[in-house]
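Worksheet: the structure to be examined is printed underneath.
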Protein chains: 2
Amino acid sequence: MDANVLDAELTAVLHGRGQRVTPQRLILHRLLRAGPQHLTAEELLGRSRAQLPNVSLPTVYATLDLFEELGVIRRVPGTGPAQVYDSRTDGHHHLRCMRCGGVGDLEADVDLGGIAGAAREQGFVAERVDVTVSGVCPACARDSAS
Amino acid sequence: MDANVLDAELTAVLHGRGQRVTPQRLILHRLLRAGPQHLTAEELLGRSRAQLPNVSLPTVYATLDLFEELGVIRRVPGTGPAQVYDSRTDGHHHLRCMRCGGVGDLEADVDLGGIAGAAREQGFVAERVDVTVSGVCPACARDSAS
DNA sequence: CTGGATGCAAACTCTTTGCATGCAT
DNA sequence: ATGCATGCAAAGAGTTTGCATCCAG
């Protein structure tokens, strides 16, 4: 896609939310849409150096956060800052609260056979399939209602 | 479950793999099976202080790693050390290579309606459902074959 | 002009590593 | 007796915060 079109798109979204349009945001946005689909903050920083020699990691993080809020990118789901271990070892799935960071079990049967098969068709040796539902847990929903 | 039974179970598994049985391993194992199902390393450390005043965080991490290898616990899936961002924002899912850490897209339609519904029945406000397949990617599988 | 965005440095959290001691085998 | 497991300290990676400067509006 043309850089001008991408810039116009982002400009529209930013203005719509009363956010400023800066060269860093435009260039990082272009790189995100042009480069490899999956990137870390460091990788994006590296790719931006040619066009933004002085860009800093905090700016990249701030911009990625903003883009996620704007719906321009997504964070590939993780468990949050600290690793969580689970003493249940059977195949089951998780609920993760975006408010309090808590983790709970999802009590539901999910048919994952098709998923593992699809992965195998792509040449991937599937060993495990995990489903994570992100949202707001009952306790946090109650708190915000009051 | 009785602590003696738990200890016997772990002892059997450890001996089966030629691993040593230590008090730290026994106690941490008991706590994992008794305490809250989802824990971080720090939380487990805190809970073990009463019985193991001098236990250290590196030991907790080493023990958790070992237990995961033994299949005694599972790590709740994350994206690995560095956060990964994705420039695709439609609902789609991921393949994660346990060998190289790479992330790819899963090209498959998954029916997630039932899952979100089940979460809602538990009082959870579901905003997003992610499916992650862990395994070995084609490139790494090829390398290990040679 | 004015306040939000940036760059720099430093702090912070989580996790891993190095090495001497101790204990399970 | 042997060597793996432990504890301590320190290093390391990734991310966030504080603050002065700068620039988009």
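Lettering of chains follows the sequences in order, A, B, ..., and the numbering in each one begins at 1.
For A/Leu66 and C/dA5, the CG to P distance is 8 Å, given to the nearest whole Å. Atoms CD (A/Gln24) and C1' (C/dG4) sit 13 Å apart, rounded to a whole Å. Taking atom CG on A/Leu10 and atom P on C/dA5, their separation rounds to 13 Å, with Å as the unit. A/Leu64 places its CG atom 10 Å from the P atom of D/dT16, with the value rounded to the nearest Å. What separates CZ of A/Arg25 from C1' of D/dC22 is a distance of 14 Å, to the nearest Å. Rounded to whole Å, atom C1' of D/dC4 lies 9 Å from atom CD of B/Gln19. One can place CD1 of A/Ile27 at 10 Å from P of C/dG7, the figure rounded to the nearest angstrom.
Residues A/Gln37 and B/Asp86 have side chains in contact (heavy-atom distance under 4.5 Å, counting atoms from C-beta outward). Within the 4.5 Å cutoff, side-chain heavy atoms of B/Leu32 are placed close to those of B/Leu44.
Applying the side-chain contact (heavy atoms from CB on, under 4.5 Å) test to A/Glu43 and every residue at least two apart in sequence or in another chain returns A/Leu39, A/Thr40. With sequence neighbours excluded, the residues satisfying ring-ring contact (aromatic ring centres under 6.0 Å, His included) with B/His29 are B/Phe67. Residues passing the side-chain contact (heavy atoms from CB on, under 4.5 Å) test with B/Gln19, sequence neighbours excluded: B/Leu14, B/Arg17, B/Arg25, B/Leu66.
The CG atom of A/Leu28 sits 5.5 Å away from the OG atom of A/Ser48 when rounded to the nearest 0.5 Å. The NE2 atom of A/His94 lies 5.0 Å from the CG atom of A/Asp105; values are rounded to the nearest 0.5 Å.
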Salt bridge (charged side-chain N to carboxylate O under 4.0 Å, His left out) assessment of A/Glu9 paired with A/Arg33 = CA-CA 12 Å; A/Glu9 277 181 21; A/Arg33 301 278 287 249; 3.2 Å; yes

note = Once base and sugar-phosphate atoms are separated, protein heavy atoms under 4.0 Å mark nucleotides 11-24 of chain C, 5' to 3', with B, S and - as ---SBBB------B

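Classified by interplanar angle (parallel below 30°, tilted 30° to 60°, perpendicular above 60°), the ring pair A/His38/B/His92 is tilted.
Remark: B/Ser56 is not in phosphate contact with D/dC8, judged by side-chain N or O atoms under 4.0 Å from OP1 or OP2.
Counted within 6.0 Å of CG on B/Asp65, heavy atoms from surrounding residues, nucleotides or ligands total more than 12; the atom is thus considered enclosed.
Taking five base pairs at each end of the helix from C/dC1-D/dG25 to C/dT25-D/dA1 and finding the rotation axis that steps the C1' atoms of four pairs onto the next four gives two axes whose angle is 40°, to the nearest 10°.
Residues B/Met98 and B/Leu70 do not share a hydrophobic cluster, defined by chaining ILVMFWY side chains whose heavy atoms lie under 4.5 Å apart.
Residues of residues 43-53 of chain B that place a heavy atom closer than 4.0 Å to DNA chain C do not occur.
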